[in-house]
J.: 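Dropping a structure here in structure tokens format, bear with me for questions.
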Protein chains: 2
Amino acid sequence: MELAAAKLKFIEAWGKLGSEWGINRTMAQVHALLLISPEALTTEEIMEQLSISRGNANMTLRDLIGWGLIEKQHKAGERKEYFFADKDVWNIARQVAKERKKRELEPVLKVLNELSAVKGDEKDPEFKTFQKSIKDINKLAGNVDKTLETMLKADESWFWGSILKVFK
Amino acid sequence: MELAAAKLKFIEAWGKLGSEWGINRTMAQVHALLLISPEALTTEEIMEQLSISRGNANMTLRDLIGWGLIEKQHKAGERKEYFFADKDVWNIARQVAKERKKRELEPVLKVLNELSAVKGDEKDPEFKTFQKSIKDINKLAGNVDKTLETMLKADESWFWGSILKVFK
DNA sequence: ATAAAGTTTCAATAATTTTTGAAAGTTTAA
DNA sequence: TTAAACTTTCAAAAATTATTGAAACTTTAT
């Protein structure tokens with residue numbers, strides 16, 4: 001396979017994975033493009049390479065900055081803004097984990113905690129089943145939360161080294 | 001909070017979480033409903049409680065069966081089909097992990113492996129950057145894959161016990 | 001065989017999400 | 001200032017995804 005074809009394939013695969021995980025396809029594709037670009041790119045270049053509109057490119061780039069996955073770069077003596085992606089895959093994973101934890105896991109944990117406090121008739125099977133499910137989900141979510149906390153602070157090789165050693 | 005209100009809140013929260021993770025909201029809500037129901041429910045009851053159409057209920061229930069999250073139950077002397085959810089939250093987590101691994105992670109790993117094999121000019125920064133990103137993503141995906149494999153076979157308390165002990 | 005009870009299908013519709021593109025806004029240099 | 005270069009916004013359109021509901025189908029009991 002040619003490099004050009006391989007790049008397209010990667011951008012497509014990354015876009016598909018993103019959309020399956022609740023991340024808009026274009027956003028994942030722009031991220032993929034910047035991830036494999038040695039140089040920072042302009043909005044124009046991104047628009048052209050992915051055949052997307054200026055508005056879409058602008059919004060998507062803004063979102064990616066919001067996710068902490070890319071940054072703006074200014075080149076001396078140039079008006080144009082350039083964009084580049086952090087190439088460190090472990091940083092990317094941590095950044096995504098951090099944002100999704102904050103945006104999705106934490107609100108759910110909050111609701112689960114409220115629901116844990118609901119009182120009811122201990123003899124009522126409806127109540128007992130509800131209570132047990134909430135308790136179990138809460139426990140699982142708490143474990144996921146603690147593991148993510150560790151991951152966010154950890155060095156890649158230590159993290160996987162520890163996990164894979166135990167799981168040998 | 002009343003039990004009835006709490007149930008609605010749980011169904012809503014579960015539906016929202018599902019939709020943020022690429023799972024259709026109705027599917028997550030039906031799952032939530034069955035998860036907190038001590039008894040198996042009929043299609044009629046599900047339609048009514050969630051205000052959804054028969055067609056939607058039928059398709060959603062079929063999908064949930066396909067994900068291995070619920071099962072059909074036949075009651076003696078009754079024509080109707082009843083549905084119930086596995087209440088074991090660890091089983092649910094494993095089942096979801098198993099399906100998403102199969103449906104999403106594995107296809108991506110396949111593409112990444114193909115892309116790892118692409119040859120090019122070692123002096124070309126375009127090629128070097130591409131190659132490094134693919135390699136790094138491949139490594140991360142491989143570690144995730146191994147960890148999921150372990151999780152799929154593991155007992156809940158052993159799994160979290162091992163992880164949290166190391167990460168203390 | 002037939003009718004009632006129940007289930008499935010799927011074309012049409014509705015809802016939601018994404019994208020466009022042109023206008024408005026901003027910054028810089030002369 | 002002015003105008004060119006560039007960026008941002010957002011209402012409208014397009015694309016995608018989810019839902020409906022009625023007809024077709026299947027199963028069971030008589």
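Convention: sequence-line order gives letters A, B, ...; per-chain numbering from 1.
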J.: For B:K9, enumerate each residue passing the side chain to side chain contact (heavy atoms under 4.5 Å, CB included) test, keeping only those at least two apart in sequence or located in another chain.
T.: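 B:K9: side chain to side chain contact (heavy atoms under 4.5 Å, CB included) contacts with A:V111, A:E114, A:L115, B:M1.
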J.: Polar atom pairs between nucleotides 12-17 of chain C and protein, under 3.5 Å, N or O only, would you list them?
T.:
none

J.: Given side chains that start at C-beta, do those of A:L64 and A:F83 come closer than 4.5 Å, heavy atoms only?
T.: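 Counting from C-beta outward, A:L64 and A:F83 never come under 4.5 Å.
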J.: Whole angstroms only, please: what is the CG-P distance between A:L61 and C:dT18?
T.: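 The answer, rounded to whole Å, is 16 Å.
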J.: Quick check: does any side chain N or O of B:Q49 sit under 3.5 Å from a backbone N or O of B:I46, one acting as donor and the other as acceptor?
T.: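 Side chain of B:Q49 to backbone of B:I46: no pair is present.
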J.: Quickly work out the B:E78 CD to D:dA29 C1' distance and round it to whole Å.
T.: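 Atom CD in B:E78 sits about 15 Å away from atom C1' in D:dA29.
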J.: Describe, in one word, how the ring planes of A:W90 and A:F159 are oriented to each other, choosing from parallel (under 30°), tilted (30 to 60°) and perpendicular (over 60°).
T.: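 It falls in the tilted class, 30° to 60°.
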J.: Using a 6.0 Å cut-off, check whether atom CZ of B:R100 has over 12 heavy atoms from anything other than its own residue.
T.: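 Yes, enclosed.
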J.: By side chain to side chain contact (heavy atoms under 4.5 Å, CB included), which residues pair with B:D63, not counting sequence neighbours?
T.: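 Checked B:D63 against side chain to side chain contact (heavy atoms under 4.5 Å, CB included); matches are B:M27.
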J.: Hey, can you pull the residues of residues 37-53 of chain A with a non-hydrogen atom under 4.0 angstrom from DNA chain D?
T.: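 When residues 37-53 of chain A is checked for heavy atoms under 4.0 Å from DNA chain D, there are no hits whatsoever.
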J.: Please table the atom pairs, donor to acceptor, closer than 3.5 Å between any side-chain atom in residues 52-59 of chain B and protein atoms at least two apart or in another chain.
T.:
from: B:S53; atom 1: OG; to: B:N56; atom 2: N; distance (Å): 3.2
from: B:R54; atom 1: NH1; to: B:E44; atom 2: OE2; distance (Å): 3.4
from: B:R54; atom 1: NH2; to: B:E44; atom 2: OE2; distance (Å): 2.8
from: B:N56; atom 1: OD1; to: B:T60; atom 2: OG1; distance (Å): 3.3

J.: Atom CE of B:M59 to atom P of D:dT19: distance rounded to whole Å?
T.: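 Checked: the CE to P distance equals 11 Å.
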J.: Name the residue closer to the 5' end of DNA chain D, choosing between B:M27 and A:N56 according to the nucleotide with the nearest heavy atom.
T.: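 Nearer the 5' end of the strand: A:N56.
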J.: What protein N or O atoms touch nucleotides 23-30 of chain C N or O atoms at under 3.5 angstrom, if any, and at what distances?
T.:
from: C:dT27; atom 1: O2; to: A:R79; atom 2: NH2; distance (Å): 2.8

J.: Taking A:E20 first and then A:K16, would you say they form a salt bridge - that is, a charged N and a carboxylate O separated by under 4.0 Å?
T.: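 Yes.
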J.: Just how far, in rounded Å, is P of D:dT26 from CD of B:E81?
T.: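 Roughly 14 Å, once rounded to whole Å.
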J.: Which of residues 62-75 of chain A sit near DNA chain D, with a heavy atom under 4.0 Å from it?
T.: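 Within residues 62-75 of chain A, the residues near DNA chain D are A:R62, A:K72.
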J.: Using distance only, find each side-chain donor-acceptor pair of residues 29-40 of chain A under 3.5 Å and give its atom names and separation, not counting sequence neighbours.
T.:
from: A:H31; atom 1: ND1; to: A:W14; atom 2: NE1; distance (Å): 3.4
from: A:S37; atom 1: OG; to: A:L33; atom 2: O; distance (Å): 2.7

J.: State which of D:dC6, D:dT19, C:dT9 makes the closest approach to the side chain of B:N58.
T.: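 The answer is C:dT9.
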J.: Can B:R94 and B:E156 be counted as an ion pair, charged N to O under 4.0 angstrom?
T.: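 No.
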J.: What pairs with A:K128 under side chain to side chain contact (heavy atoms under 4.5 Å, CB included), at least two apart in sequence or on another chain?
T.: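 Listed in chain order: A:E122, A:Q131.
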J.: So A:W21 and B:E104, do their side chains get closer than 4.5 Å, heavy atoms only?
T.: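 In short, these two side chains touch, coming nearer than 4.5 Å.
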J.: Pick the closest DNA chain C nucleotide for A:T60 and for B:F83 by heavy atoms, then say which residue is nearer the 5' end.
T.: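 By nearest-heavy-atom nucleotide position, the 5'-most residue is B:F83.
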J.: Can you give me every donor-acceptor pair (side chain of residues 67-79 of chain B, partner residue at least two apart or in another chain, under 3.5 Å) with its distance?
T.:
from: B:K72; atom 1: NZ; to: B:E81; atom 2: OE2; distance (Å): 3.2
from: B:E78; atom 1: OE1; to: B:Y82; atom 2: OH; distance (Å): 3.2
from: B:E78; atom 1: OE2; to: B:Y82; atom 2: OH; distance (Å): 3.2

J.: Report the secondary structure of DNA chain D in dot-bracket form, marking unpaired bases with a dot and bases paired to a different strand with |, and treating Watson-Crick or G-U pairs with both distances under 3.5 Å as paired.
T.: ||||||||||||||||||||||||||||||
J.: With sequence neighbours left out, what residues match B:K101 under salt bridge (charged side-chain N to carboxylate O under 4.0 Å, His left out)?
T.: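 Salt bridge (charged side-chain N to carboxylate O under 4.0 Å, His left out) check on B:K101 returns B:E106, B:D145, B:E149.
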J.: Would you indicate whether B:Q95, at its atom CD, is surrounded by more than 12 heavy atoms from other residues, nucleotides or ligands within a distance under 6.0 Å?
T.: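 Yes.
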J.: Would you find more than 12 non-hydrogen atoms of other residues, nucleotides or ligands less than 6.0 Å from A:E48 atom CD?
T.: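 12 or below, so no.
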